[in-house]
**Q** 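There's a structure below that I have some questions on.
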Amino acid sequence: QINIERRSRVKDIKGDVYQAKLGLIDLAGSERAAATDNRGMRMLEGANINRSLLSLGNCINILSDPNKKGAFVPYRDSKLTRLLKDSLGGN
């Protein structure tokens with residue numbers, strides 16, 4: 001995760017401060033286990049990535065549905081959704 005902050009270079013002038021957050025997440029290994037003959041730890045890693053992607057999809061569906069406004073969003077279901085909570089619209 002990279003945090004970026006931009007301020008004015010002039011010392012005595014009070015200016016706006018711009019902040020941004022960039023998250024880089026590697027989702028390699030989420031292919032189908034049967035198609036790639038994954039076994040052991042790689043298969044488990046792929047299953048965990050797929051579980052995280054499913055949790056991310058659930059969060060996005062709840063946040064984008066106007067009928068579910070104010071509904072509980074399960075950010076704590078996976079590490080991926082915890083990392084992306086601020087970017088998805090969580091407090």
Side-chain angles (χ1 to χ4, degrees):
Q1 194 169 24
I2 301 169
N3 294 318
I4 302 167
E5 190 172 282
R6 180 178 170 232
R7 297 175 186 233
S8 176
R9 294 180 113 174
V10 181
K11 284 188 174 184
D12 296 338
I13 298 176
K14 292 184 180 179
D16 294 332
V17 177
Y18 299 98
Q19 295 180 341
K21 187 186 294 186
L22 177 65
L24 303 172
I25 299 170
D26 180 17
L27 297 175
S30 64
E31 305 89 11
R32 290 180 186 236
T36 58
D37 292 329
N38 283 343
R39 299 288 180 261
M41 292 299 290
R42 286 192 186 245
M43 188 167 127
L44 184 62
E45 178 184 344
N48 287 333
I49 290 171
N50 287 336
R51 190 175 301 121
S52 291
L53 289 173
L54 179 64
S55 296
L56 177 61
N58 290 338
C59 289
I60 291 172
N61 285 336
I62 291 171
L63 290 169
S64 63
D65 190 350
N67 296 329
K68 295 182 180 178
K69 188 169 178 89
F72 174 73
V73 181
Y75 293 114
R76 299 177 77 186
D77 283 356
S78 75
K79 290 181 184 179
L80 178 63
T81 51
R82 284 185 189 191
L83 287 172
L84 296 175
K85 180 179 179 181
D86 294 335
S87 300
L88 291 171
N91 293 334

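Note that the coordinates shown come from a computational prediction; the quantities given were computed from them, not determined experimentally.
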**Q** Any chance you could measure R82, atom CZ, to Y75, atom OH, to the nearest 0.5 Å?
**A**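 Spacing of CZ (R82) from OH (Y75) equals 13.5 Å.
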**Q** What distance do Q19 atom CD and R6 atom CZ have between them, rounded to the nearest 0.5 Å?
**A**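 If we round to the nearest 0.5 Å, Q19:CD and R6:CZ are 13.0 Å apart.
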**Q** Closest approach of N3 and K21, non-hydrogen atoms and distance?
**A** OD1-CG, 3.4 Å
**Q** Does I4 sit in a hydrophobic cluster with other residues, and if so which ones, taking ILVMFWY side chains as linked at heavy-atom separations under 4.5 Å, directly or through other members?
**A** I2, L22, L24
**Q** Between CG of L80 and CG of N48, what distance do you get to the nearest 0.5 Å?
**A** 11.5 Å
**Q** Within the 4.5 Å heavy-atom criterion, are L84 and I25 side-chain neighbours or not?
**A**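 When only atoms from C-beta onward are counted, I25 and L84 do touch, with a gap below 4.5 Å.
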**Q** Does R7 have any side-chain hydrogen bond (donor to acceptor under 3.5 Å, both in side chains) partners at least two apart in sequence or in another chain, and if so, which?
**A** E5
**Q** Could you pull out all donor-acceptor pairs under 3.5 Å where a side-chain atom in residues 53-65 meets a protein atom, sequence neighbours excluded?
**A**
residue, atom, partner, partner atom, Å
S55, OG, R51, O, 3.2
N58, ND2, L54, O, 3.4
N61, ND2, G57, O, 3.2
S64, OG, I60, O, 2.8
S64, OG, N61, O, 3.4
D65, OD1, N67, N, 3.1

